[in-house]
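Predicted model only: the values in this text are computed from it and were never measured. Heavy atoms only: backbone and side chains are in, while hydrogens, waters and symmetry mates are out. Letters A, B, ... are given to chains in the order of the sequence lines, protein chains preceding strands, and every chain is numbered from 1.
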Amino acid sequence: MKVFACPSCGAPVNFASAITVFAVCASCKSMIVRRDVDVESLGKMAVLLEDLSPLQIGCGGKFETVNFTVIGRVKVEWDEGAWNEWYVFFDDGRFGWLAEAQGFWMMSFPVSDVPAPSQKTKVGAAVMIHGKRFVVDDRREAWCQASEGELPFRAVPGRRTLRLDMTGADGTFACAEYDQDEGVLYQGRYFEFDECQFMNLRELPGWKYERAG
Amino acid sequence: MSAPADKNPQTLDCKGCGAPLHVRAPGFSVAVVCESCGSITDASDEKLVLIEKSEKAIPIKSAIPLGTRGFLRGIEQELIGIMLRTDASGEYGWGEYLLFNPYHGFRWLVCYNGHWTYVRTVKDTPAEAGSVSVFRSTSFQRFITGKSRVKHVLGEFYWRVRRGDTVDCADFIHPPYILSLESDGSERIWSLGEYLSGDEVYAAFGITLLPPSRSGVGACQPNPYSKNRGSTIFLAACFILLAFIMQVLAVSRARDEVVFNHQYSFPDPKSTIITPSFALGGESANIALSTHSKPDNTWTFFEITLVNESTGEDFAIAREVAYYHGTDSDGSWSEGSWNDKVVLSAIPGGTYHLEIDPSREDLVPGQLPTGAAQDFSVTLTRDVPYWGIFAFVAVLLILPPAFIFWRHSAFEKQRWSESDYADDDSDDDDD
């Protein structure tokens, strides 16, 4: 954990590990990029539209017995709408992505030992990851609408990526994201909100968290 | 360490008419329908793209007002969107209600002909094989396929919906569940629905009106006779077995004793044959009276009285033995028999005799009998094995399960009358 002073307003900006290279100052909304020794401001972050997401930077939970904390968020937009991708830091040192889309919750992790399939892979093609079969069912261009907290890439508004969504068996999925020529493969599964036993959730006007029952 | 929530109370204005839009699920909803003009605006981007322009808002009559919160199946949910869809022809319409909870996501209530289903999109894909879809180890039977078109919309939705949007639909059932597939060429979306009553829906949302009345049988409506089928058959089988055991015991104890057997010639007219006395054993048991003669295309008739010599009580029996035969264009035919038997129950024991009054068709007073049937015989057997009571009891016991099976089958028939696939090869497994 390293703390830097925001170049614009001086407020403390946290960087949880060497992986997070980009952060948004919570006070003045400046976009901060980390260099080797110091940080640099890239300007002001775009407005994060009001939403009813129950998560916030600093809330935490437990996924498959390991505790995690939410440290960043990217609002990803595409032609037909937008969704949240929360950047999550686990107690065992892993980083994951908690996506919130159309009322569904997903957790995914980068797959380090399997390369992302070719960008040209068509919808309907099968992709094998660790012996499990995934079928490509969507191909879309998406871009960053806004972001907050700490992130492992420059989550600058307008940053475009190509995404290949793949469906596996039993509620598992995979996703390949391409930033120019660089592709990263992620693998994960859907889960019900109650599974993570969230703590420190954002207060939503008019709503209270109650377990489904 | 929590950052202040990014509050941007952004006023959303309708891109069609400028009226302010009230968004119930900001960040979740993409398409918002203007209450004033009916135009649909994309609320997912600050730029507020217009999805569909409309001049006049067409209200949808809904007993549950938009924005109502209800507690349904363990989750507090808010009604944020109402959609009316029709089939390709526009002839059949149904209502779809979008329910929202920021933690637990979206669910739908679908209402058609007064039948309600509680639906949620599912992310695990069923395995399809023609007329059957297998989902989470359960087989769903194909029920209907066709197109669905958006007719009217009100409120907000999580995708860019437009009036007229058409998708291909397929429904598979395993009552009370229904598995639905919607595809528009690029996307295939599966949902799982469960049948619920209008009463439950209205109670959940605090609506005191009566829900719309049901017409016909809902596609995934559970068969009310399913639960009883197994138990009534089991009960009936138990009782029939019991009756059978009792009957077998009775039969094994039956004496089956011939107490009287005599052959006679048809006597002079006006004469009654009085038989010698005989004993009927036991306290009270049945007797079988058998009469035999050989009429040839004629009848013989016997009026027999069984007289109890101790009490003077008598039992009058009239029996016919007739036999007819011949040939016609269809071949040879015959009717009747040379034997007749009747069982009388609960005849007290004692000393008895018979008084027999026989007659024949050609027996004319003053003339001697002519024709083949010269002789006849009468036999009386005491305490015969008689299955009549058991048969009667068995039929009675069969009636309740038979009724339930009939009603169950009639219900299924009515359900499948709404389907295009009623003849698909499978059994109606619907527990």
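Heavy atoms of A:Asp137 lying under 4.5 Å from chain B belong exclusively to its backbone. Interface residue A:Leu201: only side-chain heavy atoms are found under 4.5 Å from chain B. When heavy atoms are compared at a cutoff of 4.5 Å, A:Ser53 approaches chain B solely by way of its backbone atoms N, CA, C and O. With a 4.5 angstrom heavy-atom cutoff, B:Thr121 touches chain A via backbone and side-chain atoms both. Proximity to chain A is limited to the side chain of B:Arg69, based on heavy atoms less than 4.5 angstrom apart. Heavy-atom distances place the side chain of A:Gln145, and not its backbone, under 4.5 Å from chain B. At a 4.5 Å heavy-atom cutoff, the contact between A:Tyr209 and chain B is made by backbone and side-chain atoms alike.
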Let's go through A:Glu77 and B:Asp45 carefully: what are the C-alpha distance in whole Å and the side-chain angles of both, what is the deciding distance for side chain to side chain contact (heavy atoms under 4.5 Å, CB included) to 0.1 Å, and is it a yes or a no? CA-CA 8 Å; A:Glu77 192 182 344; B:Asp45 188 294; 2.4 Å; yes
Apply side chain to side chain contact (heavy atoms under 4.5 Å, CB included) to the pair B:Asp124 and A:Tyr190, showing each step before the final yes or no. CA-CA 9 Å; B:Asp124 33 339; A:Tyr190 289 88; over 6 Å; no
Go through the steps to decide whether A:Phe193 and B:Asn101 satisfy the test side chain to side chain contact (heavy atoms under 4.5 Å, CB included), and finish with yes or no. CA-CA 11 Å; A:Phe193 191 78; B:Asn101 175 293; over 6 Å; no
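With contacts defined as side-chain heavy-atom distances shorter than 4.5 Å, the pair B:Tyr103/A:Arg211 does not qualify. Residues B:Phe28 and A:Trp83 are not in side-chain contact: their nearest non-hydrogen atoms beyond the backbone lie 4.5 Å or more apart.
A donor-acceptor pair is defined here as one N or O able to donate and one able to accept, closer than 3.5 Å; such a pair exists between the side chain of B:Arg160 and the backbone of A:Asp79. The closest donor-acceptor contact from the side chain of B:His104 to the backbone of A:Asp194 lies at 3.5 Å or more, if one exists at all.
A salt bridge links A:Glu192 and B:Arg120; the closest N-O separation between the charged side-chain nitrogens and carboxylate oxygens is under 4.0 Å.
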